[in-house]
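Step one of this worksheet: look at the structure below.
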Amino acid sequence: GIGGGCDRGYFMVKVELASSVFSTSWGVMASLWSPQGLWELGFPRKTEKEAWADLRFSPTAAPESQAEDMAELAWEALAAQLQTYFQGFPVIFDVPLDWRGYTPFREKALRYVASVPYGCVCSYGEVSRAIGVPQGARAVGGAMHANRIPIVVPCHRVVASGGKLGGFGGGLELKEALLFLERNIDN
């Protein structure tokens, strides 16, 4: 498949993508894998059809491809880690991630957010200052919107100044539920 255009904050990049779908206690989730790692993850949804509809990209890999090998190797670990997370336990997601296709700024912002600890939140402005772009809070919001790997790259932990939720691709109700889940854990 070809990555989305500039309006989505991606470089045009040709990527072979394999798919997997799995169930968690919060719903069905679809994922796409490149030979380098997890390319995209959907939100938990009620049905498999809704889970696939979440994805911005489509599977393109041939059988027995490197992308299929990566998906086969890693999807069960991701599913188990997500299941543990949705049961209310802190998880360090350790499946390989494919960062290709983002603009340099968005990749930097998303990599920073990937390091935000479980149960913590930070503001868009804090992220922009941490990555060396003090006036970049709005651009950080764009980077969070472009995140293809929600929950694993926890953009739900980024909130507006003053503690307001800000936006979230999975909907504010899901963002609030994820933050509530993480706040009610004895770490």
Side-chain angles (χ1 to χ4, degrees), residues 3-11 13 24 26-27 29 31-32 34 36-45 54-57 77-78 81-187:
C6 294
D7 63 321
R8 287 226 162 132
Y10 304 110
F11 286 120
V13 60
T24 71
W26 280 38
M29 298 181 78
S31 61
L32 293 174
S34 77
Q36 282 75 27
L38 183 60
W39 176 266
E40 185 174 13
L41 179 66
F43 295 101
R45 299 297 185 200
D54 256 355
L55 300 184
R56 302 170 191 174
F57 294 85
L78 175 63
Q81 290 168 11
L82 285 164
Q83 185 60 31
T84 300
Y85 174 85
F86 288 129
Q87 288 172 349
F89 297 99
V91 170
I92 295 173
F93 294 100
D94 62 3
V95 297
L97 306 180
D98 189 339
W99 295 98
R100 293 176 302 158
Y102 292 114
T103 64
F105 174 85
R106 288 182 174 185
E107 180 180 344
K108 194 172 187 180
L110 290 166
R111 283 184 181 269
Y112 178 83
V113 169
S115 73
V116 174
Y118 183 96
C120 297
V121 295
C122 58
S123 72
Y124 297 99
E126 287 169 333
V127 174
S128 69
R129 287 187 295 279
I131 65 171
V133 185
Q135 301 302 315
R138 291 180 72 85
V140 167
M144 297 308 102
H145 181 72
N147 182 14
R148 300 185 307 252
I149 312 171
I151 303 170
V152 174
V153 177
C155 54
H156 63 277
R157 296 180 189 152
V158 183
V159 297
S161 57
K164 293 187 175 140
L165 288 180
F168 189 60
L172 292 182
E173 193 174 294
L174 179 58
K175 183 173 186 169
E176 193 169 35
L178 292 169
L179 292 173
F180 184 79
L181 173 74
E182 293 185 13
R183 286 190 184 127
N184 286 286
I185 303 304
D186 293 322
N187 288 341

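From a predicted model like this one, the values you see are computed outputs, not experimental measurements. Position 1 is the first residue of the sequence, and the numbers go up from there.
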Practice task
Apply the side chain to side chain contact (heavy atoms under 4.5 Å, CB included) test between Phe93 and each candidate in Ile149, Leu82, Val153; give the one that qualifies.
Solution key: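 With Phe93 as partner, Ile149, Leu82, Val153 yield a single side chain to side chain contact (heavy atoms under 4.5 Å, CB included), made by Leu82.
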Measuring from atom [atom1] of [X] to atom [atom2] of [Y], what distance do you get when rounded to the nearest 0.5 angstrom?
| X | Y | atom1 | atom2 | value |
| --- | --- | --- | --- | --- |
| Arg183 | Cys120 | CZ | SG | 10.5 Å |
| Arg148 | Arg106 | CZ | CZ | 11.5 Å |
| Phe57 | Leu55 | CZ | CG | 10.0 Å |
| Cys155 | Leu178 | SG | CG | 9.0 Å |
| Arg45 | Trp26 | CZ | CH2 | 12.0 Å |
| Leu32 | Leu41 | CG | CG | 9.5 Å |

Keeping [X] on the side-chain end and [Y] on the backbone end, is there a donor-acceptor pair under 3.5 Å?
| X | Y | result |
| --- | --- | --- |
| Glu40 | Arg56 | yes |
| Lys108 | Ile131 | yes |
| Lys175 | Leu165 | yes |

Practice task
Could you check Phe43 against Met29 for side-chain contact (heavy atoms from CB on, under 4.5 Å), going step by step and ending with a plain yes or no?
Solution key: CA-CA 6 Å; Phe43 295 101; Met29 298 181 78; 5.9 Å; no
Exercise for the section: For Glu126, check side-chain hydrogen bond (donor to acceptor under 3.5 Å, both in side chains) against everything at least two apart and list the hits. Expected result: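 Partners of Glu126 under the side-chain hydrogen bond (donor to acceptor under 3.5 Å, both in side chains) test: none.
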Exercise for the section: Using only heavy-atom distances, determine whether the side chains of His156 and Glu176 contain a donor-acceptor pair under 3.5 Å. Expected result: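 His156 vs Glu176: no donor-acceptor pair found between side chains.
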Problem - side-chain contact (heavy atoms from CB on, under 4.5 Å) between Tyr112 and Val140, worked out - result: CA-CA 11 Å; Tyr112 178 83; Val140 167; over 6 Å; no
Work out which heavy atom in [X] is nearest to a heavy atom in [Y]; give both atom names and the distance.
| X | Y | value |
| --- | --- | --- |
| Leu172 | Gly166 | CD2-O, 2.8 Å |
| Val158 | Ser123 | CG1-C, 3.9 Å |
| Val116 | Cys122 | CG2-SG, 3.9 Å |
| Ser128 | Pro134 | OG-O, 3.6 Å |
| Trp99 | Ala114 | CH2-CB, 4.3 Å |
| Ala143 | Leu110 | O-CD2, 3.7 Å |

Exercise for the section: List the steps, then state whether ring-ring contact (aromatic ring centres under 6.0 Å, His included) holds for Phe89 with Tyr118. Expected result: CA-CA 9 Å; Phe89 297 99; Tyr118 183 96; 9.4 Å; no
Handout entry: Carboxylate-amine/guanidinium proximity below 4.0 Å for Glu107 and Arg100
Key =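 Salt bridge absent between Glu107 and Arg100.
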Practice task
Please report the C-alpha distance between Tyr85 and Thr24 in whole Å, then the side-chain angles of each, then the deciding distance to 0.1 Å, and finally whether the side-chain contact (heavy atoms from CB on, under 4.5 Å) criterion is met.
Solution key: CA-CA 10 Å; Tyr85 174 85; Thr24 71; over 6 Å; no
Practice task
Start with the C-alpha distance between Met144 and Val113, add both sets of side-chain angles, then the distance that settles side-chain contact (heavy atoms from CB on, under 4.5 Å), and finish with yes or no.
Solution key: CA-CA 9 Å; Met144 297 308 102; Val113 169; 3.7 Å; yes
